[in-house]
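Atoms within a ligand are numbered from 1 in the order they appear, just like the ligands themselves.
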Amino acid sequence: MDRSNKPSAIGVSPSLPQPTISFRENTVEATLPTGESVIVNLYGATVTSWKLANGDEQLFLSEKAHLDGSKPIRGGIPVVFPVFGPPPENHATSLLPQHGFARNSNWEFLGKSSSESLGKDRKDCDDSVKLDFGLSHSMLSEEFRKAWPYEFGLVYSVTLTKGALETSLQVQNKGSQNFEFKTLLHTYLNVDDISNIRIKNLQSKTYVDKTQNATSHTEASSALPITQETDRVYQALDPKVPIVISTADGKDLFSITREMMTDVVVWNPWAEKAKGMADFAPDDAYKKMICVEAGSVSTWQTLEAGDSWEGGQSIRPKA
Ligand code: TA6
């Protein structure tokens, strides 16, 4: 090849401040030059920390969360796949645990990529980093392989930017049989006081209330307060319309948009259920967390042999 005419590779200038990536035991940590950071535990590819440049932690993590791979992590963003909730009887997922195997399997770190920072819109530093994690059938425990014998591949991407945290899941059917799945990003958000938050853009939406025998209801509130155990699956939401968590006096705390994930679960265990969970601590921590969970859980997604599906969320913290 005549290399004299080969264009010089467009790379990231080494002089620009770059995101740093560090590995500690079973975790990957990324920090932007501006200070934002994220920690991902390879067990479940569970995001366990997301801090803003000022060090404020955005995610709730139980003080008794198991971080050693012995149990699904209580807090952060557990990945739910291929089933949401207790698996149904007489179904391909029947033998799997609640919320499936993704959150209690060891994933592998596939690598990182950072934003292009050169060219006419040169920025002062690399302002984003994407971490990719993988899980495939051969990596599962024998128990899970037997329980759900489909050739699949998952790639979970965690993208940290100055203004948001984005997590997305690509599901690949690498086998010769169709399979069906449900998936959800079980996000535990930190709040100062559960009694002072309101959840917006749910009004008039249909939801299944799991605290009322999974009966169907229509949301009447334009600013939903959380005053008791809450476990609702809101269905068929426009993923581009943000779910906004704000304070009672209207200050936005979080805004969550989605891709392909048209259901949103709102969960708070409240006092009694919190006390009943051995890995939920301290007992009154329900006052400082709310789960707002983007997912595709109301119906089964059927993935044909060779096909793939991708969905995800983008969480913007308070300005
Ligand atoms: O997403 C809400 C939910 O399905 C609740 O019903 C509750 O079970 C919660 O998940 C926690 O489930 P886990 O299996 O993590 O204890």
(message) Is it the case that the side chain of Glu219 and the backbone of Ser221 share a donor-acceptor pair, with hydrogens and angles ignored and the cut-off at 3.5 Å?
(response) yes

(message) Does any N or O of ligand 1 fall below 3.5 Å from an N or O anywhere on Trp267, backbone included?
(response) no

(message) Show me which atoms of ligand 1 lie under 4.0 Å from any heavy atom of Asp231.
(response) 2 (C), 5 (C), 6 (O)

(request) Search all heavy atoms of Lys71 against all heavy atoms of Tyr43 and return the closest pair with its distance. (result) O-CE2, 3.3 Å

(request) Give the numbers and elements of all ligand 1 atoms closer than 4.0 Å to a heavy atom of Lys210. (result) 4 (O), 6 (O)

(message) Taking Asp56's backbone N and O only, do any of them form a donor-acceptor pair with Gln58's side chain (distance below 3.5 Å, no angle check)?
(response) yes

(request) Can you pull out the closest protein heavy atom to atom 1 (O) of ligand 1? Residue, atom name and distance to 0.1 Å, please. (result) Glu293 OE1, 2.6 Å

(request) Using a strict cut-off of 4.0 Å, indicate which atoms of ligand 1 neighbour a heavy atom of Val265. (result) 1 (O), 2 (C)

(message) Going by side-chain contact (heavy atoms from CB on, under 4.5 Å), Leu59 matches just one of Val38, Val47, Asn190. Which one?
(response) Val47

(request) Check ligand 1 against Phe84 and write out every atom of the ligand that is under 4.0 Å from a heavy-atom position of the residue. (result) 1 (O), 4 (O)

(request) Return yes if some donor-acceptor pair links the side-chain N/O of Asn268 with the main-chain N/O of Cys291 below 3.5 Å, else return no. (result) no

(message) Determine whether a donor-acceptor pair (N or O, by modelled atom type, separation under 3.5 Å) exists between the side chain of His186 and the backbone of Ile77.
(response) no

(message) For atom 16 (O) of ligand 1, which of the options Arg74, Gln98, Met277 provides the nearest non-hydrogen atom?
(response) Arg74

(message) One residue to check: Arg103. Relative to ligand 1, which of side chain, backbone, both or neither has a non-hydrogen atom less than 4.0 Å away?
(response) side chain

